[in-house]
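Indexing begins at 1, ligand by ligand and atom by atom, following the structure's order.
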Amino acid sequence: MIRSVVQGWGAYLPEKIVTNDDLAKFVDTSDSWIRERTGICQRHVAADGEMTSDLATNAARQALERAGIDGLEVDLIVLGTATPDETFPATATRVQEYIGAHRACAFDLQAACSGFIYALAVADNFIRLGQARTALVLGAETFSRILDWSDRTTCVLFGDGAGGVVLRAEEGEGSSADRGVLSTHLHSDGRQHDLLYADGGPSLNQVAGVVRMEGREVFRQAVAKLSQVVDEALEGNGFSVSDIDWLVPHQANKRILDSTAKKMGIGIDKMVVTVDRHANTSAASIPLALNEAASDQRIKEGDLVVMEAMGAGFTWASAALRW
Ligand code: ACO
């Protein structure tokens, strides 16, 4: 059975750091409020002229280097993003140009904060079907560009960044002991649109719009949906919670992470947390967290890694992966 095995990983954060105290200088908020309600202490913000494609390219280069391959070996680039450089063409084609992946097919995938897991699922299916052998799966965002910086209920929550993995086809036994992506579970529910959306778009009003959110209701639904989709990942593979070596959640809010972990009965010490330093980087948050935990060797070869995310749409998803 063909498996999509992680061969390399990478990430990039813009240089500029904005602390909670920095925000409190121009919006009615405080470091203590933000920390207490979200666990966020700071976020990275892209420089003027620095675009989603630039962030993604830096992450992609690192992932290719770790995998020991160059761009020409890549068959497929899937970039999860809700903040593309332009309405079209796909930001992934920019990345393709920058890394010299001229043989690849490249496209963006829009599933908001679930974008990385959706992109991983698409790439895994391409690989399993034999349509690609080497795939670059990226999540990259410049959410700072679609925030209403006068709205304290949203502008404190998000940050910019990028991350990604190189997947390569390898023969596996077809058992849950195989390395690689073991399963992905994807969901969406368009009826929940009004709880979280950007109030603009090319067809709606020809502007990018800014984030609008009913935070309390998003919070409530996130905990229920995330624990349910992790259960699906476990049941689908015959695993129990104790089999998980690392839970790598979408980093929206420390309280969502803690409540989900509690509901699932998984120890906080098995969860990778970056939200304190990165804030919510939407589709980039999971590959940024993966990058951190793999680079400092918390995640080791053979570990069972479970990822979960939820975002606008609503979309929600999980992936089980043996590193
Ligand atoms: N600073 C100070 N006060 C604030 C701020 C702020 N940044 N934001 C809101 N407040 C105020 C509100 O105006 C309100 O004041 P009032 O009582 O005078 O009206 C008070 O704080 C309480 O507001 P709530 O919205 O009820 O606060 P809550 O405890 O729900 O926390 C939060 C808000 C942090 C947004 C929370 O609902 C949350 O985390 N929701 C999840 C949203 C999320 O993570 N979205 C990301 C995208 S989806 C995803 O990735 C899963």
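- Set against the non-hydrogen atoms of R37, the atoms of ligand 1 under 4.0 Å away are 22 (C), 27 (O), 28 (P), 29 (O).
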Which side-chain N or O atoms in residues 279-291 pair as donor and acceptor under 3.5 Å with protein atoms at least two apart or in another chain?
| residue | atom | partner | partner atom | Å |
| --- | --- | --- | --- | --- |
| N280 | OD1 | H250 | NE2 | 3.3 |
| N280 | OD1 | S282 | N | 2.7 |
| T281 | OG1 | S285 | N | 3.0 |
| S282 | OG | E141 | OE2 | 2.9 |
| S285 | OG | H250 | ND1 | 2.7 |
| S285 | OG | Q251 | N | 2.9 |

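- The protein does not reach atom 25 (O) of ligand 1 closely, with no heavy atom under 4.0 angstrom from it.
- Numbered from 1 in the order shown, with element, the atoms of ligand 1 that lie under 4.0 Å from a heavy atom of L196 read 47 (C), 48 (S).
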key: Residues S144, D160; criterion side chain to side chain donor-acceptor pair (under 3.5 Å); working and verdict   = CA-CA 6 Å; S144 61; D160 300 337; 2.6 Å; yes
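- Within ligand 1, counting atoms from 1 as listed, the ones closer than 4.0 Å to a heavy atom of V156 are 7 (N).
- Closest heavy-atom contact between F143 and F158: CD2-CD2, 3.4 Å.
- The minimum heavy-atom distance linking G39 with K254 is given by the pair CA-CB, 3.8 Å.
- A ring-ring contact (aromatic ring centres under 6.0 Å, His included) check over residues 68-110, counting only residues at least two apart or in different chains, returns nothing.
- Heavy atoms of V27 found under 4.0 angstrom from ligand 1: none, in either backbone or side chain.
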- Task: Please assess T91 against S53 for the test side chain to side chain donor-acceptor pair (under 3.5 Å), listing each intermediate value before the final yes or no.
- Result: CA-CA 6 Å; T91 300; S53 59; over 6 Å; no
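- In summary, the atoms of ligand 1 found under 4.0 Å from a heavy atom of A252, numbered by their order in the structure, are 44 (O), 49 (C), 50 (O), 51 (C).
- Within 6.0 Å of the CD atom in E214, the count of heavy atoms belonging to other residues, nucleotides or ligands does not exceed 12.
- The contact set between ligand 1 and H250, taken as ligand atoms under 4.0 Å from a residue heavy atom, comprises 49 (C), 50 (O).
- Atoms of ligand 1 found under 4.0 Å from any heavy atom of N280 (numbered from 1 in listed order, with element): 46 (C), 47 (C), 50 (O).
- When only interatomic distances are considered, the shortest N/O to N/O separation between G215 and ligand 1 falls below 3.5 Å.
- When M213, R152, E214 are ranked by how near their heavy atoms come to atom 45 (N) of ligand 1, first place goes to M213.
- The hydrophobic clustering, which links ILVMFWY residues whose side-chain heavy atoms are closer than 4.5 Å, places V218 and L157 together.
- With hydrogens left out, the protein atom closest to atom 8 (N) of ligand 1 is W33 CH2, 3.2 Å, a heavy atom.
- For atom 14 (C) of ligand 1, the nearest protein heavy atom lies 4.0 Å or farther away.
- Under the 4.0 angstrom criterion, atom 21 (O) of ligand 1 counts as having a protein heavy-atom contact.
- When non-hydrogen atoms are compared, ligand 1 lies under 4.0 Å from the backbone of T153 as well as from its side chain.
- Put simply, atom 2 (C) of ligand 1 has protein non-hydrogen atoms near it, under 4.0 Å away.
- For ligand 1 and T38, the ligand atoms under 4.0 Å from any heavy atom of the residue are 34 (C).
- Scanning the protein heavy atoms around atom 39 (O) of ligand 1, the nearest turns out to be N253 ND2, 2.4 Å.
- Ranked by closest heavy atom to atom 31 (O) of ligand 1, the top entry among M310, R216, R255 is R255.
- Applying the 6.0 Å contact sphere to CD of E86 captures more than 12 heavy atoms from other residues, nucleotides or ligands.
- No side-chain donor from either of E217 and Q192 sits under 3.5 Å from a side-chain acceptor of the other.
- Considering only heavy atoms from C-beta on, F314 stays 4.5 Å or farther from S114 through its side chain.
- Using a 4.0 Å cut-off between heavy atoms, T29 contacts ligand 1 through both its backbone and its side chain.
- In this structure, E292 and R277 have side chains that are in contact, with non-hydrogen atoms separated by less than 4.5 Å.
- Near C113, meaning under 4.0 Å from one of its heavy atoms, ligand 1 places the atoms 50 (O).
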